[in-house]
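Got a structure for you, questions after.
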Amino acid sequence: MSLTKNPNVLKWVDEMIALTKPEKVVWIDGSEEQLNALRKEAVETGEMIELNQEKLPGCLYHRTNPNDVARVEDRTFICTRNKEDAGPTNNWCDPKEMYAKLSKLYDGAMKGRTMYVIPYSMGPIGSPLAKVGVEVTDSIYVVLNMNIMTRMGADAFKNLGDTSDDFVRGLHSKANVDPEQRYIVQFPEDNTIWSINSAYGGNVLLGKKCFALRIASFQGKNEGWMAEHMLILGVKKPDGEVKYITAAFPSACGKTNLAMLIPPEGYKKDGYEVFTVGDDIAWMKPGEDGRLYAINPENGFFGVAPGTNEKSNFNALESTKKNTIFTNVAIDNSDNTVWWEKLTKNPPVDATEWKGAKVNGVEYTAQGNTLAHPNSRFTAPAENCPCISPEFNNPKGVPVSAIIFGGRRASTTPLVYQSFDWVHGTYMGSAVSSETTAAATGAVGVLRHDPMAMKPFIGYNVGDYWAHWLEMGEKLGDKAPKIFNVNWFKQDENGNFIWPGFGDNMRVLDWIIKRCEGTVDAEETAIGYVPKKGDINVDGIEDEVTPEVMDKLLNIDKDLWTKEIAEMRRYYNEDIAAKGGRIPQALYDELDKIEARLK
Ligand code: OXD
Ligand code: MN
């Protein structure tokens, strides 16, 4: 039985049924009864494995096809009528051509299968910043994950109403999981997403990257708001006031860790606390008071498991202790629980590695294999997180005081610096880049540009996206958040990290908050405002972060920066402008200004 009278939804679902020809159609109302029946069915068919229900209540395990373990950027498309509107950072195809090509693949793809119709809200139901989506899929795994990652079920339709056409249409079929025919396609002008031949989270949980970033960034441009690849955290100060900060880092730079940071002892004693609002995506819009307000459109965390442990991220680990879905991690057969690299020191002896082979975990890892896939994931409800913000469900969102950009840079970029103003901050965002690590394939230490950490997620022309940032700054005026850049990854001559990171990043947040409040001065340099000597609190870590180390952390090497600016000019000209990116003149002006200041 359908859950809505909305003719726009009914018509579209009928079209999708006619195309994919499922044997059965089930509308997902979000009730525990229905979800339990689906969990039972998935366990019975082997699609999911029930884990130890005493140690991990409500937790399930899933393994994807080994050819289907990550997002596939080379098979991800933005299909706008004009090619220039997709811009140089996206693959493009004419929408008519793409619909025709994919319709052939979807034709009868759900024969003999059940189609699940999932209504969901990105953002708290009833929030003026929230948006509705409907995903049809032939995967129970998708239904159960969407239940954690979004506000899923009949209430989402209540929010849409009986007549509105303002919902994002998501079609997913795992089809044959054929990597040669895998497509993740956004049609921003039609509010439509078509995903086929994958069953991996980032490609199939269509509310996440496809909607909340690619489609939403396009909607935000047209409607006057921003969809960003940012965590949102709140810092409660000893006086009780909470300051909210958002931060954009490329993958593998510790967004989830910063979002769930535990302050050092000294800060805790003084009464500081950190709250998580989101770990991956922020939707931001000016509020009635003219300030920028942020919501986390998601309802859970789709986090990378390897590396997560009690020390690196206690709060994330705690979040995975119940009602969590684990994908492509290893199973510890001694008690039917999960394991991944760095969870504990010693791997389980009696293990099942992520592809499903039973192995001696100690010998297997000693041979250089990993038991869990490096991109294995947990899907955990946000409400499990011990430091979840009391404002998590606030429909108005939280007021943002500071926006942080960052990346992984061995040299050049100091620990922290502040932009002179919003336009300069937008330039800083456009310059976000990260050096590749040994964990990824390809050469180590290669610089990858990832503007605003959004390169794979901007649903339109990157130059227009930067212009939109500039427009938002104009609209916000002196109420705009202050913009900063951080680098937790500076190294010494021997390749050792010189900043302790993790909880100690609180010390940098402290300086950022003081800058926002105007209670600490700064050094004006060619690249921006840098902390003055002694202004980053090192109480308790003086042995590690000596004054000499702090000098290195905050040093601005003119030669390196001259090279950096030359590389940015090359990037703007060759990678963006020459390929159809419409770069605003104001950003070229910033480049000129930094260059002049460096001379
Ligand atoms: C993610 C990503 O999964 O950025 O969040 O790839
Ligand atoms: Mn992400």
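Position 1 is the first residue of the sequence, and the numbers go up from there. Indexing begins at 1, ligand by ligand and atom by atom, following the structure's order. None of these values were measured; they are calculated from a predicted model.
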- request: Identify the two heavy atoms, one from A316 and one from F378, that lie closest to each other, and give their separation to 0.1 Å.
  value: CB-CZ, 4.3 Å
message: Under 4.0 Å, counting heavy atoms only: does G202 come that close to any atom of ligand 1?
response: no
- prompt: Looking only at heavy atoms, what is the nearest atom pair of G202 and C210, with distance?
  reply: O-SG, 4.3 Å
D280, any N or O under 3.5 Å of ligand 1 N or O: yes
statement: Heavy-atom closest pair (T413 atom, N487 atom, distance to 0.1 Å) is O-ND2, 2.9 Å
task: Can you label the angle between the Y571 ring and the H449 ring as parallel, tilted or perpendicular, going by 30° and 60°?
output: parallel
- request: Could you list which atoms of ligand 1 come closer than 4.0 Å to a heavy atom of H229?
  value: 4 (O)
- prompt: Of all the atoms in ligand 1, which lie at a distance below 4.0 Å from a heavy atom belonging to K209?
  reply: 1 (C), 2 (C), 3 (O), 4 (O), 5 (O)
message: Does the residue K255 have a heavy-atom contact with ligand 1, meaning some pair of atoms that are separated by less than 4.0 Å?
response: no
query: Does any donor atom in the side chain of D68 or S198 lie under 3.5 Å from an acceptor atom in the other side chain?
result: yes
Of all N/O/S atoms in H229, the name of the one nearest the Mn ion (ligand 2): NE2
field: Any N/O pair Y200/ligand 1 closer than 3.5 Å
entry: no
- prompt: Which heavy atom of the protein is the closest neighbour of atom 6 (O) of ligand 1, given with residue, atom name and distance?
  reply: R71 NH2, 2.9 Å
query: Taking atom types as modelled and ignoring hydrogens, do the side chains of W340 and T308 form a donor-acceptor contact shorter than 3.5 angstrom?
result: no
message: Within rounding of 10°, what is the angle whose vertex is the Mn ion (ligand 2) and whose arms end at NZ of K209 and OD1 of D280?
response: 100°
- prompt: Is R409 paired with E564 through a side-chain N to carboxylate O contact shorter than 4.0 Å?
  reply: yes
